[in-house]
Amino acid sequence: MKQLNNDNAANRTSYVGKVYNIGEKSFKEVILNNMPIEWSELHRNGTIHIHDLDAYGLTYNCLTLDIASNFPLDEVRGTSDSQTIVRLFGFLKELFTNLGNEQSGGMAFANFDNEMASVLSSFGIDYSKHEALISDMIVDLILWCNNNHTRMGQTSYYVTFNIGLADSECARFIAKTLIENFEALGDMVYKPNIVFKVKKEVNSNEGDKNYDLLMTSLRCSSKKMIPTYLLCDCKADASVDPSKLSIMGCRTRVVDDINGVVGAIGRGNIANISINLPRLALETVEEIAEENLDDRLDHLMKKWDKVACVVKDILLDRYQKTVSSASDDFPTNSSYHLWCKGFSNGVEESLKHGTLSIGFIGLSEAMEVISGKKYYSDMDNYIMTLGFVKHMRDYCDFLINQYKMNFSLLATSGELISGRFIEYDKKLFNPSVDIFSKGYYTNSFHIDVDSGLPGYKKINIEGLFHELCNGGCITYVELGEAPIGNEVGLREYLDIAIKSGVHYLGFNFPKDICNECGCSGVFDKCTNCGSSNITRIRRVSGYLEILDGFTDGKKAEEKNRRKN
């Protein structure tokens with residue numbers, strides 16, 4: 001399928017997809033036109049971005065499936081162990097397909113290794129007698145996740161397998177087989193997302209039962225950027241049962257629940273809206289001419305409060321419309337009880353355990369506008385920036401108590417809005433510092449991609465933001481090339497990240513693949529055969545994709561990335 005250059009790098013061209021896109025754009029206009037004008041104008045003028053607008057009031061965003069407690073054993077059972085195994089993996093693909101068209105975002109297993117081992121045990125299957133078949137089925141599942149673009153006729157299914165806490169030999173086999181097969185399938189296989197959960201006394205140190213799995217995972221990451229790493233011993237997660245932690249999609253985090261269910265299993269994000277921080281900073285400087293940082297910061301916070309209050313109203317309206325749906329609008333969820341609470345007592349009994357996230361993008365540019373320098377350039381600016389993010393988090397916590405709902409602060413990934421927001425702002429403002437020429441806003445709280453700071457320092461600076469951004473976040477270390485053979489070096493980064501408070505860590509590097517001979521590296525022309533027929537794999541906003549399909553903003557960011 002042909003790569004598209006549009007709002008989503010995962011899209012591929014097709015007849016159905018083209019028709020869907022026409023309808024999607026029209027339906028988004030219908031939704032905006034039926035909102036209070038104060039809401040719709042904030043979205044239209046680029047002050048906020050209402051994510052998955054076409055799903056407004058119809059469905060939720062993402063989910064970590066509660067698959068083990070209600071697995072439909074009779075539906076999958078075959079006449080032989082081999083047939084049962086084949087049906088089991090076939091069921092997963094069917095489940096991803098059906099659920100992927102019932103929600104707007106990603107799907108995850110919190111413990112794919114343990115959960116699949118538990119299901120096999122429920123069938124009475126001895127995995128050791130069927131290792132070859134299980135391995136073949138895992139290969140088939142990986143290729144399905146990588147190659148399938150049938151969602152909405154054009155998009156892949158956002159599937160994440162969290163692994164690493166394997167507590168049986170069968171679970172260890174599944175985790176190792178998943179990683180090794182993903183590695184062996186080559187550079188053009190870059191999905192699904194695999195997240196390795198790092199936990200002391202389980203896998204993080206030599207002598208731990210699953211330390212070999214961690215090193216196998218790091219070897220794969222050194223070649224393919226996947227797996228990424230959920231650091232269960234960081235400050236924000238250390239008190240949570242690691243089996244209940246999960247990453248959904250590119251970074252979504254769901255843990256605390258005002259309604260009593262702790263952890264991610266059977267829970268997800270309902271909706272999120274991102275606020276354009278540079279816009280608010282640019283307006284602040286126009287309105288507060290004096291270069292008094294305290295006054296400017298106070299004014300910026302008040303402007304954010306005003307916008308966030310409207311965002312809260314939009315999220316609550318969207319939630320109420322969604323939970324007013326009938327249970328049979330969610331047939332897959334209803335049939336397989338994928339949420340922590342079933343849909344039989346109404347949609348709200350399930351979705352009230354989900355999160356409503358207020359996101360942000362461009363923190364770096366915003367603080368540069370009001371202070372004249374990078375937020376990480378000195379300690380005073382850094383402390384001021386942390387204070388602003390804490391202010392945002394405090395408001396989300398206030399909303400939890402006020403509405404008894406799970407509001408959270410999300411460090412937005414911003415695939416579309418990194419370019420969308422800046423296009424609005426550069427027509428309206430002429431700031432004293434240049435934040436427009438590069439063509440994008442920096443994701444979430446990230447340090448600028450061209451900072452050139454060493455990796456350990458980037459991790460140290462970004463770490464404190466992780467505890468504040470409880471709706472999800474990630475820190476990346478940008479490497480100049482694939483660190484093949486340097487698993488120990490990547491292992492050291494994990495230690496630094498845990499001590500710095502980082503919740504979720506990934507490693508980035510450019511990967512170019514020659515379509516003629518299959519050689520990979522970093523090149524404009526293949527160093528082996530001289531061909532210019534090159535596919536370039538890059539991380540776009542949490543997941544890997546082909547560079548040609550990036551939005552203009554993300555292409556500009558990728559061009560500007562420098563190694564840490």
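All figures in this text were calculated on a predicted structure; none of them were measured in a lab.
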- prompt: Between Trp304 and His391, what is the ring plane arrangement, given parallel below 30°, perpendicular above 60°, and tilted in between?
  reply: perpendicular

query: Using 4.0 Å as the upper bound for N to carboxylate O, is an ion pair formed by Lys438 and Asp448?
result: yes

message: Using the rule given for ring-ring contact (aromatic ring centres under 6.0 Å, His included), can you reason through Phe445 versus His466, listing the C-alpha separation, both sets of side-chain angles and the distance that settles it, and then say yes or no?
response: CA-CA 9 Å; Phe445 54 67; His466 280 247; 5.5 Å; yes

- prompt: Do Thr442 and Glu365 have side-chain atoms, one donor and one acceptor, less than 3.5 Å apart?
  reply: yes

- prompt: Is the closest side-chain donor-acceptor distance between Thr355 and Asn269 under 3.5 Å?
  reply: yes

task: Could you pull out all residues at least two apart from Arg253 that satisfy salt bridge (charged side-chain N to carboxylate O under 4.0 Å, His left out)?
output: Asp237

query: Heavy-atom count around Lys176 NZ within 6.0 Å, excluding the residue itself: above 12?
result: no

query: Are side-chain N/O atoms of Ser531 and Asn533 paired as donor and acceptor at under 3.5 Å?
result: no

field: From Glu558 atom CD to Leu547 atom CG, the distance as rounded to the nearest 0.5 Å
entry: 5.0 Å

message: Below 30° counts as parallel, above 60° as perpendicular, anything between as tilted: where do the rings of Trp144 and Tyr157 land?
response: parallel

query: Relative to each other, are the rings of Tyr382 and Tyr375 parallel, tilted or perpendicular (30° and 60° limits)?
result: parallel

- prompt: With the threshold set at 4.0 Å, does a side-chain nitrogen-carboxylate oxygen contact exist between Arg536 and Asp512?
  reply: yes

task: Describe, in one word, how the ring planes of Tyr493 and Phe507 are oriented to each other, choosing from parallel (under 30°), tilted (30 to 60°) and perpendicular (over 60°).
output: tilted

message: Can a donor-acceptor pair be found, under 3.5 Å and without considering hydrogens, that links the side chain of Ser14 to the backbone of Gly153?
response: yes

query: Within a reach of under 6.0 Å around CD of Glu481, are more than 12 heavy atoms found that belong to other residues, nucleotides or ligands?
result: no

field: side-chain hydrogen bond (donor to acceptor under 3.5 Å, both in side chains) between Gln103 and Tyr158, intermediate numbers included
entry: CA-CA 11 Å; Gln103 60 178 48; Tyr158 299 113; over 6 Å; no

- prompt: Just how far is it from atom CZ of Arg251 to atom SG of Cys62, taken to the nearest 0.5 Å?
  reply: 12.5 Å

- request: Give a yes or no on whether a salt bridge exists between Lys191 and Glu545, defined as a side-chain N under 4.0 angstrom from a carboxylate O.
  value: yes

field: Distance in Å, Leu363 CG paired with Glu368 CD, rounded so as to fall on 0.5 Å steps
entry: 11.5 Å

message: Distance check, rounded to the nearest 0.5 Å: His51 atom NE2 versus Thr412 atom OG1?
response: 5.0 Å

field: Ionic contact status for Glu557 with Lys554, cut-off 4.0 Å
entry: yes

task: Look only at the side chain of Asn210 and the backbone of Arg172, and say whether a donor-acceptor pair between them is shorter than 3.5 Å.
output: no

task: Indicate yes or no: at least one non-hydrogen side-chain atom of Ile537 is less than 4.5 angstrom from one of Lys224.
output: no

- request: Assess the side chains of Asn111 and Lys197: does a donor N or O sit below 3.5 Å from an acceptor N or O?
  value: yes

field: Check: Tyr424/Asn276 side-chain N/O donor and acceptor closer than 3.5 Å
entry: no

task: Return the set of residues passing side-chain contact (heavy atoms from CB on, under 4.5 Å) with Tyr211 (not counting sequence neighbours), or none when no residue passes.
output: Glu206, Asp208, Leu214, Met215, Arg491

